[in-house]
Participant: 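Let me begin by handing over the structure; questions about it come next.
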Protein chains: 2
Amino acid sequence: MTTGNKLANKVVYQQGLGQHHTIACENCSMNAICQPVEADGQILDLSKNYLSKQIPVSAQNSELPHNHTQIKNSTLFKEQTPLTSIYAVCSGVFKLCVTSKDGYEKVVGLRYPGELIGEDALFLERYNYSAIAIGQSSVCEVSVEQFSSCGKLVPELQQNLIQLLSKQSYVRQTNFQSFIGKKSADSLLAAFLINVTKRNEAYSGSSSQLNLIVSRNDVANFLGLRRETLSRVFAKFQKEELIKIEGKIIHLLKKELLCDLANFHS
Amino acid sequence: MTTGNKLANKVVYQQGLGQHHTIACENCSMNAICQPVEADGQILDLSKNYLSKQIPVSAQNSELPHNHTQIKNSTLFKEQTPLTSIYAVCSGVFKLCVTSKDGYEKVVGLRYPGELIGEDALFLERYNYSAIAIGQSSVCEVSVEQFSSCGKLVPELQQNLIQLLSKQSYVRQTNFQSFIGKKSADSLLAAFLINVTKRNEAYSGSSSQLNLIVSRNDVANFLGLRRETLSRVFAKFQKEELIKIEGKIIHLLKKELLCDLANFHS
DNA sequence: TATTAACCTTGATCTAAATCAAATTTAAAC
DNA sequence: GTTTAAATTTGATTTAGATCAAGGTTAATA
């Protein structure tokens with residue numbers, strides 16, 4: 001039986017600059033399976049024991065050539081490698097990329113604090129994208145092997161995982177619906193800003209301010225626009241006072257109008 | 001304990017024209033939770049008892065004005081209504097739509113035989129799109145209430161649902177990746193044809209032939225193209241002998257080239 | 001089979017975004 | 001703090017797809 005919400009994960013890494021903090025467990029998607037459960041009359045707190053730990057992902061762990069990009073952006077896992085763990089973002093951002101035959105790296109997703117990475121690999125037991133940290137970021141890790149050996153014994157834990165996965169299915173579908181069939185640069189960016197602000201609401205504590213963290217290049221790549229086009233749309237939105245830009249921080253001044261734009265088709 | 005694969009669902013509706021047949025259970029996404037499981041030493045076959053039944057969706061059940069569109073396309077459920085069941089398509093096709101404030105109906109997904117509809121509503125317990133049958137179609141229905149009352153007692157059933165949901169998460173992510181950031185009409189259509197053919201492979205028995213069933217209008221709407229543009233790209237693909245068109249039947253003649261196009265960005 | 005209405009295709013023009021080219025701002029390295 | 005490189009913005013031109021307008025098909029109905 002669930003014994004209520006508690007801070008489940010030990011913080012073994014803390015970002016120093018205060019620019020982004022670690023998300024509270026109650027706001028994390030992983031929370032459903034971090035809950036202590038009852039097994040054979042005992043309370044089993046997976047997070048306390050071995051399932052979750054917070055690990056930093058930053059400059060140090062790159063075996064790649066020593067250039068700027070790799071120093072900043074370190075890889076959590078590579079596409080097509082076997083699934084070992086699923087992760088939840090604790091701080092920072094991760095970009096999810098697939099590389100096509102011609103070597104082009106396409107951004108297929110962004111994951112902000114509290115969001116899951118790699119749970120869609122449970123099916124094929126192979127990651128279907130690379131996960132790359134933007135700047136200094138950290139994750140909570142759940143070993144799939146350990147979780148499933150535990151889960152077989154504890155129905156409650158399974159129940160929680162079902163919750164987690166069904167929610168995830170919802171999140172994915174909603175994401176898909178936000179972007180499929182949107183062609184104009186205006187509606188794409190509006191949809192993107194609304195989407196990401198909403199996802200960060202609990203973490204940032206604001207429904208109208210947003211720290212993108214990722215570069216314009218990555219946003220443009222994700223949306224399928226050229227960086228020049230994205231830049232122009234950002235400029236236009238600011239001129240029309242829909243948003244206010246302070247570097248990577250975006251203020252949504254007229255959210256209603258942005259929503260209208262986001263829902264606008266053709 | 002799972003006792004292996006068997007035809008789980010009674011066929012209470014059969015399409016007469018032979019144009020599309022009912023999918024075999026072993027090829028259906030729902031199959032994971034239709035498996036007989038062991039409970040208290042007994043075999044519990046949910047499909048045999050009450051959980052699944054095949055129901056037709058066609059002209060009869062429409063309470064809408066008696067015009068052509070509604071006669072042919074009947075609604076399985078409406079967006080924003082409370083979740084009661086999740087469905088698997090048995091035959092035909094369903095389009096998933098959301099209606100925006102201005103009344104425009106946007107196609108946000110297509111579901112072919114063997115695919116799930118509505119499982120992403122488990123989270124909010126409210127459907128987040130309308131599901132509309134294209135022509136005569138049929139589904140298997142699982143009552144969420146009945147399933148969950150059953151599932152609490154049978155861990156094995158939960159295990160199967162986890163399988164189902166994690167696979168679904170994968171399918172959604174893959175779908176998303178196929179389309180996000182694709183802008184050229186060529187790459188969108190190529191990605192669409194590859195995607196849908198792959199999804200129908202088990203059902204249709206062909207990896208190079210495809211019965212779209214849905215109208216060009218719906219495809220264009222889904223992809224965010226104008227019907228004229230879609231028509232031109234179809235014509236171009238045929239001229240270049242990438243595909244051969246026979247009404248709604250599309251033959252993929254040069255799949256490799258289509259894949260290249262689909263992965264092509266910029 | 002004729003009639004009508006969806007549905008789909010083709011042509012001409014216009015427009016939004018890509019592309020090419022530079023300038024400017026920002027951040028990293030020395 | 002200065003230098004250098006990366007990231008972002010702005011401008012001019014080109015192009016792919018939207019739009020407007022007909023013309024054909026196909027399929028449903030009488």
Side-chain angles (χ1 to χ4, degrees), chain A residues 17 19 58-59 65-73 95 104 107 134-136 181-190 192 212-240 243 245-250 261 264-266, chain B residues 17 19 58-59 65-73 95 104-105 107 134-136 181-190 192 212-239 243 245-250 261 264-266:
Chain A
L17 297 169
Q19 198 179 9
S58 57
H66 215 252
N67 69 40
H68 280 281
T69 314
Q70 266 89 22
I71 284 176
K72 279 176 40 187
N73 304 329
K95 64 173 175 181
Y104 177 83
V107 178
I134 306 295
Q136 293 197 302
K182 290 225 161 54
K183 293 259 299 162
S184 90
D186 289 15
S187 66
L188 273 169
L189 181 57
F192 177 78
L212 270 182
I213 303 176
V214 291
S215 70
R216 299 290 142 100
N217 235 325
D218 285 335
V219 174
N221 182 325
F222 177 67
L223 294 178
L225 298 171
R226 302 333 306 245
R227 54 168 151 344
E228 297 94 330
T229 304
L230 183 69
S231 180
R232 279 183 247 267
V233 179
F234 262 121
K236 188 175 115 188
F237 280 8
Q238 176 153 254
K239 196 178 158 211
E240 292 168 348
I243 62 173
I245 303 169
E246 290 174 341
K248 299 266 193 277
I249 313 268
I250 315 291
L261 267 177
F264 195 82
H265 13 257
S266 119
Chain B
L17 298 167
Q19 198 178 11
S58 57
H66 215 250
N67 69 39
H68 280 283
T69 314
Q70 265 90 21
I71 284 177
K72 279 177 43 190
N73 302 329
K95 63 173 174 181
Y104 176 84
E105 193 180 71
V107 178
I134 306 294
Q136 292 198 301
K182 291 225 160 55
K183 294 260 299 164
S184 90
D186 289 14
S187 67
L188 273 169
L189 181 56
F192 177 78
L212 270 182
I213 302 176
V214 291
S215 71
R216 300 289 142 98
N217 237 325
D218 285 335
V219 174
N221 181 326
F222 177 67
L223 295 177
L225 299 171
R226 302 333 309 248
R227 54 169 147 2
E228 298 94 330
T229 304
L230 183 69
S231 181
R232 279 183 247 268
V233 179
F234 262 122
K236 189 175 115 188
F237 280 8
Q238 176 153 254
K239 195 177 157 209
I243 62 173
I245 304 170
E246 292 174 339
K248 298 265 192 280
I249 312 268
I250 314 291
L261 266 178
F264 194 81
H265 14 257
S266 117

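Reckoned from all heavy atoms, side chains included, excluding hydrogens, waters and symmetry mates. The chains referred to below are lettered A, B, ... by the order of the sequence lines, with proteins before strands, and numbering in each begins at 1.
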Participant: Tell me the interatomic distance from B:Q238, atom CD, to C:dC8, atom C1', rounded to whole angstroms.
Facilitator: 13 Å
Participant: Give the rounded distance in Å between these two atoms: CG of A:L188 and C1' of C:dA16.
Facilitator: 13 Å
Participant: Give, for atom CG of B:L188 and atom CG of B:L261, the distance between the pair rounded to the nearest 0.5 Å.
Facilitator: 11.0 Å
Participant: Starting at CG of B:L212 and ending at P of C:dC7, how long is that distance when rounded to a whole Å?
Facilitator: 15 Å
Participant: Suppose we screen for side-chain contact (heavy atoms from CB on, under 4.5 Å). Which residues come up paired with A:S215, at least two apart in sequence or across chains?
Facilitator: A:N217, A:D218
Participant: Enumerate, atom names and distances included, each donor-acceptor pair closer than 3.5 Å involving a side-chain atom of residues 232-239 of chain A, sequence neighbours excluded.
Facilitator:
unit_1: A:K236; atom_1: NZ; unit_2: A:D186; atom_2: OD1; d: 3.2
unit_1: A:K236; atom_1: NZ; unit_2: A:D186; atom_2: OD2; d: 2.4
unit_1: A:Q238; atom_1: OE1; unit_2: A:I245; atom_2: N; d: 2.8

Participant: Grab the N/O contacts between the protein and nucleotides 14-16 of chain D below 3.5 Å, and write none if there aren't any.
Facilitator:
none

Participant: Mind calculating the distance between CG (B:L189) and C1' (C:dT9) to the nearest angstrom?
Facilitator: 15 Å
Participant: Roughly how far apart are B:L223 CG and B:T229 OG1, rounded to 0.5 Å?
Facilitator: 11.0 Å
Participant: Show the nearest heavy-atom pair for residues A:V219 and A:V214, with the distance to one decimal.
Facilitator: CG2-CG2, 3.6 Å
Participant: Nearest whole Å is fine: how far is D:dT26 P from B:E246 CD?
Facilitator: 12 Å
Participant: Report the distance from atom CG of A:D186 to atom P of C:dA18, rounded to the nearest whole Å.
Facilitator: 12 Å
Participant: Quick one: which protein N/O atoms are closer than 3.5 Å to N/O atoms of nucleotides 9-11 of chain D? Pair and distance per line, please.
Facilitator:
unit_1: D:dT9; atom_1: OP1; unit_2: A:R216; atom_2: NH1; d: 3.3
unit_1: D:dT9; atom_1: OP2; unit_2: A:S231; atom_2: OG; d: 3.0
unit_1: D:dT9; atom_1: O5'; unit_2: A:S231; atom_2: OG; d: 3.1
unit_1: D:dG11; atom_1: N7; unit_2: A:R232; atom_2: NH1; d: 3.0
unit_1: D:dG11; atom_1: O6; unit_2: A:R232; atom_2: NH2; d: 3.2

Participant: Taking it one step at a time, do A:L230 and A:F222 satisfy side chain to side chain contact (heavy atoms under 4.5 Å, CB included)?
Facilitator: CA-CA 11 Å; A:L230 183 69; A:F222 177 67; over 6 Å; no
Participant: Give me the atom names and distance for the closest heavy-atom approach of B:N221 to B:V107.
Facilitator: OD1-N, 3.0 Å
Participant: Once rounded to the nearest 0.5 Å, what's the spacing between atom CZ of B:R216 and atom NZ of B:K248?
Facilitator: 6.0 Å
Participant: So B:K248, base contact, sugar-phosphate only, or nothing? Heavy-atom distance under 4.0 Å.
Facilitator: sugar-phosphate
